[in-house]
Structure formats: structure tokens, C-alpha cells
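The sequence lines fix the lettering, A, B, ..., with proteins before strands; numbering per chain opens at 1. What you see below is based on every heavy atom in this structure, not just the backbone, and it leaves out hydrogens, waters and symmetry mates.
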Amino acid sequence: MAVIEYEGATIELDDDGYLADMNTWNDTVANALAEREGLSPLTYDQLDILMFMRQFYQKHSFFPIVHAVCKNVRQPGDCVSDEFMDPVTAWKIAGLPKPDDEVIAYLKR
Amino acid sequence: MAETADTAAEQEEVLTDQDIVTGAKEPSLKPADVKAPELTGDIQIPHLVKGAMAKSKCHAAKPETMEAMGFPGRLVDNWEEAAVKKLGELLTKYKSLQVYLDICVRCGSCTDKCQFFLGSKDPKNMPVARADLLRKVYKKYFTTEGKIFGSLAGAAKLDLELLGEWYTYFHQCSQCRRCSVFCPYGIDTAEISMAAREIMDSIGIGQKYVNTVLVKLHEIGNNLGMNPKALKATMESTEEDIQEEDGVAVKLPVDQVGAEVLLITPSADFFATPHIESLIGYAKVFHQAGISWTLSSTASEAGNFGMFIGSYEHMQKAAMRIRKAIEELKPKRLIVGECGHAWRIAYAFWNTMIGPLDNSLGLKLEYPRPQHICEYTLDLVERGAIKLDKSANDDVIPTFHDSCNVARATRMGDRPGGQFEIPRALINAACNRYVEMDSDTIKEKTFCCGGGGGLLSDEILDVRVQGAMPRMQAYHAIKEENGANFFALICAICKAQFTKVFPKYGIPMIEVGGIHQLVAKAIELGAKE
């Protein structure tokens, strides 16, 4: 467990750098997590992607497929990789729990 | 400064035997730092670098994972005794293991055949040297000459250092069995590596990646941990994609009782890129052939990592989900999607492990049980039941990478060599411009992708990149020579491994894809003449 400070906010992360409680996520937290990945400040397009991932996760307890993300936020088919390098990084900035090893094996670039 | 030194010293003191064996307290590899060698098109036998890979260790499974698998949570106190006892059991259970340990004559034929040796230069990655890590323990405890003459007879006590070498080097073997092809005695080094992993699990030091995936498979029904709700949502969204792209209502049915075909495919096909493109290909084939088919939300995985850790029990437990799905969904035919080790398990194990797969389960006897998707699709093409427009793939110059388990452990169709000919015939039916890589690197002599056998985790990306080297050289050569630009595969692990390592070698990952991805592009959908 680690605690980081960002623009006056205190943010708790797990040992792998994922947000400890996904419900504490907001724009500030997203930017704090993005900065750790070298991606801040976040654009509106990026935030749209993150919001969709969170909605899908809340509904299905799983990762959405990349196609579906881009289609739903009306962005080009490679939007996740273009905007975040890889889907796992996007997932992390979206404040969602660490995915299983196999998901990382198939998605992490 | 003084404080740092103290802390370091303290950390040194608390290293347990388990930490020493698994390298748990060593700094982790940074995937971004892994560099690939330059591509020349030649596969050179390297000068040896002793211990080059000694520090490349996969992460160890957490105690809760090990316990969920029925193994001790951590390295047991009497591990030497327990390991020797387990080896004794395996020697009785698998006579082949004892034969392989006994008959090696050190001819050296295998030494330069392993991609992990060729890529890493580490002599312990020569198949004979890797096998010797177990063989010398066998000699010490189970042979008269080893008991009497010790190291003079090539025997060695299983100490902490040797156990550490087991953990390192038996997790740098992808169990691809290329070495076995060249062994004049046919020693199956994969079986030795499986036995070593089985022994290590039994004394409490298991690999994290494979064991956590197996726990997930037992719990949810697939390696990814994709629950039925997410699977259905994903299939619906993929149906919409196909509708938008092709204007045809191709379905991806889940849990349809009474469908003609039950398709068992790796869960990566539901989810990852480029895997999902092949899933779309299968769906289009079934659609156009007019065959009803279904996926199962509870047997949503063809892969079965039980084999990688040599555990018959876990293999069987995982495979039983498929039998249950057959009983519930009552299909007439069983077809397996693009996956290497899964096809080995389906082809060589299912009938005895969860079968017999016959009319007692409602399966029709006139079809292969199970049947590979490539054989199924090629048959439809040859009978004219579906049509492929090759010109749709005219921008593609494909070559085919034989997956090790398909090439060296199975067959397709009714003729010897069908596992080589059928995938190639299907690519040729879908494309005009097929090219073949160097004959020393294909068919039964194919190189492993470097990620099979449970090595597909990032902390050993150095092993994976080096292991891919021979295949990358062969692909580079055919690119230079014939302009190849598509690397066709029939294995989920190969697809994941190559999309990761291609960029390391300076080749775009978009060149990696499945055979049914080509079929998906070429197939003529719509009303039949």
C-alpha cells in the first residue's frame, strides 16, 4: 500500500500502483495516475475512454474489448493504444483493480 | 548511507530458502529494457556465455494460489526428502520418464536445437544440460552407480543451489520438443521439464503465471477470468461489429442447447487482438455453411495449463468442464479453435481423460471427435460449401509458423502430415501469395515462438525475446527474400507472444494474425448460388 499526494488530494494505491479503492476515482485522481505513467494532463478523448472502461467494469466485472471501447466512445479502432500506449495502462489510469496475469499477458504491450 | 547499508544487511539476513530458490528478493526485470538482437536472417550457433540466464526467474506463486491448487503454500521444510520421494513416485507412474533419464548417451545432437539456447547463449539451456539438472538427482538417489560413485557417475545431491537451477532453467523450457526430433533416442525433454515442475509444485515452489491462470480456469471456466455475463456482452458487441463491417447478421451464440457444433476455443479469441479476428472468421464460416453452433460460457477455454506443470489431475479437472458442456448443450460435433497446446490435449487426451467422445455423449461418429477448425473449414472449401475470394488477400504475403504442439504432438485429417498440410492448404485457399520459411525451421523442425509452455509472463520477457530469435531470423529472411508481410498462426500463445516480441525486433505487430483472420477477409458471405 502506498499513498501519493497530488494537487492537495491524498490517493491510496496498492503494491502494484493500482488505485486501492476504485470508488475514490475522479478527474484529479485520473490525472495523478496518468502523471505516473507519463501521460498527464489527460485530454477529453482520453477521459471518455476511461469513463467507458469504468462503466463496462461496473456492469460486467471485466475488461471491455478494445474494439468495443473505441466504438462506444466514437473514436478510431486503435484509440486505446493510440491514446494510452496499451490497454492495461488505460485500465490503471481508470482506477480499476489490477487485472489477472493472463489478461496482462494478452494486452500489455 | 550507513542506514542503507544496515537495511541491506538486514534484508540479506531474512532471505529464506524459498527466496534463494525463486530469486524473490532480486530486482525485477523491466520489460522496456529488454533488447532484441539484430536480425541478419542467419541462425548462428553462439559462443557460450556461462550463467547468462541464471538470474532470469519467473515469479513464484503466492501461498494462497499454491494452496488453492492443492500444493503446499511455500517451500516445505524437508524439501529435499519430499522432492526425492515425489521423483520416485513419478518414475513409477511414468515409465517413460525413467527411460529418458537412463538412456541419454551425450551425443550432443540436441545441444544447438533449442531456441532458448540459441538465443541466450547459456549452456544450461542446451536440452541435455537442462535435463541433466534432473538426471543427476535421479542418478544420486535411484541408481547404484550414482549412490556409490557420486559425481564421478554424474550424480549430485539435490541442494539449494541445484534446486535454484531447476527453478530457473525448467522455466526457460517451453516444452516444445524440438530437441526430441533430433535426439537419436527420442528423449522427450518436455516430459522431463514437466516432471521437474511437478516436483517443484509438490514441495511448494510453483510458478505464479501458470498456477494463477489454472486457479482462474477452475473457478470461472477460462484463463482470462471472463465471466459468462462479460462473455455474452462481448460476443454481442462483436456481432454488431461484423454487422457494421460486412452488413451480414453473423451470430456468435453462447450456450445454445442442441446446436450442431460446440466450439471450444482459447478465451483469448473472445478478447485479445489479433485473436478475435480469427473468432470472427470461425463465426463467418459457420454462418455461411449454414451450420448451427455455440460457444459454452462455462467451458469457455480450450487452453489447459495443467499440461505445462505436468499435472494430470489438473489437466483432467480443467478438461471435465468440456465434458459437462457437451452433456448440457448436446452438440453433435466438437470443434477446436486455433490453439497449439489445446489441440494437443484435445487430440491426444480428451478421449481417455473425459471421454470416450462418442455416441454415448450424443456426438456423431462420422466426424472426427474432436476436429480442428482448420480441417473443418478446409473441407467446406473443398466441397464448395463455402467460397473464398483469394483476391481479397492480395495485399497479404503470408507465411505459416507451425506451432510446436500441433506440429510435433498431433495430427489433423486422415493422413500423416495433415497437421502441416491442412493449415497450408487453407491459407492457400484464402490467399494467392503464400511463401514458405527456411525448411529447417518449419513443420516438425519448427522453432517455438518463445512463449509456450507457460512462459508468457513479462518478468521473463528477456527469455521470451531470446527464445523468439531463431523464428524471427527465419521470418526476417523470408521478408527480405519474398516480401512476406503476414505471419499466419494457429495458436493463442504464439499470437500473444509475437505481437509482443515483433516490435522488439523492429517488425510491426500488425503482421501477426490467425489463419481464420485471412479466411474472414476472403469468405464470400450472403446468398449461395
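Sorted by first then second residue, the disulfide bond (SG atoms under 2.5 Å apart) pairs that include residues 9-73 of chain A, not counting sequence neighbours, are A:C70-A:C79. For residues 216-252 of chain B, the set of pairs meeting the ring-ring contact (aromatic ring centres under 6.0 Å, His included) definition, not counting sequence neighbours, comprises B:H218-B:H314.
Of the listed residues (B:D241, B:T234, B:V213), the greatest number of heavy-atom pairs within a distance under 4.5 Å of chain A belongs to B:D241. Of the listed residues (B:L456, B:D458, B:L231), the greatest number of heavy-atom pairs within a distance under 4.5 Å of chain A belongs to B:L456.
Environment of CD in B:E64: crowded, with over 12 heavy atoms of neighbouring residues, nucleotides or ligands closer than 6.0 Å. The environment of NZ in B:K504 is crowded: more than 12 heavy-atom neighbours from other residues, nucleotides or ligands sit within 6.0 Å. Taking a 6.0 Å sphere around CE of A:M51, one finds it holds 12 or fewer heavy atoms contributed by other residues, nucleotides or ligands.
Interface residue B:F305: only side-chain heavy atoms are found under 4.5 Å from chain A. For B:A32, no part sits under 4.5 Å from any heavy atom of chain A, backbone or side chain. Both the backbone and the side chain of B:K229 come within contact range of chain A, each with at least one heavy atom under 4.5 Å from a heavy atom of that chain. A:F63 touches chain B through backbone and side chain together, each having a heavy atom under 4.5 Å away. For B:E240, the parts sitting under 4.5 Å from any heavy atom of chain A are the backbone and the side chain alike. Looking at A:P64, the atoms closer than 4.5 Å to chain B (heavy atoms on both sides) all sit in the backbone: N, CA, C or O.
Among all heavy-atom pairs drawn from A:S61 and B:N227, the shortest one is O-ND2, 3.7 Å. Residues B:S237 and A:K71 come closest through the heavy atom pair O-NZ, 3.3 Å.
Formation of a donor-acceptor pair under 3.5 Å by the B:K500 side chain with backbone atoms of A:L107 is not found in this model.
Residues A:D100 and B:T212 have side chains not in contact (no heavy-atom distance under 4.5 Å, counting atoms from C-beta outward). Side-chain contact between B:T238 and A:H67: absent, with no pair of heavy atoms (C-beta onward) separated by less than 4.5 Å.
Residues meeting the salt bridge (Lys or Arg N to Asp or Glu O under 4.0 Å) test with A:D48, sequence neighbours left out: none.
Applying the side chain to side chain contact (heavy atoms under 4.5 Å, CB included) test between A:Y106 and each of B:T273, B:L224, B:N223 identifies B:L224 as the sole match.
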_Step-by-step side-chain contact (heavy atoms from CB on, under 4.5 Å) determination, A:D101 to B:S457_ = CA-CA 8 Å; A:D101 282 9; B:S457 54; 5.9 Å; no
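Within residues 24-44 of chain A, no residue has any heavy atom closer than 4.5 Å to a heavy atom of chain B.
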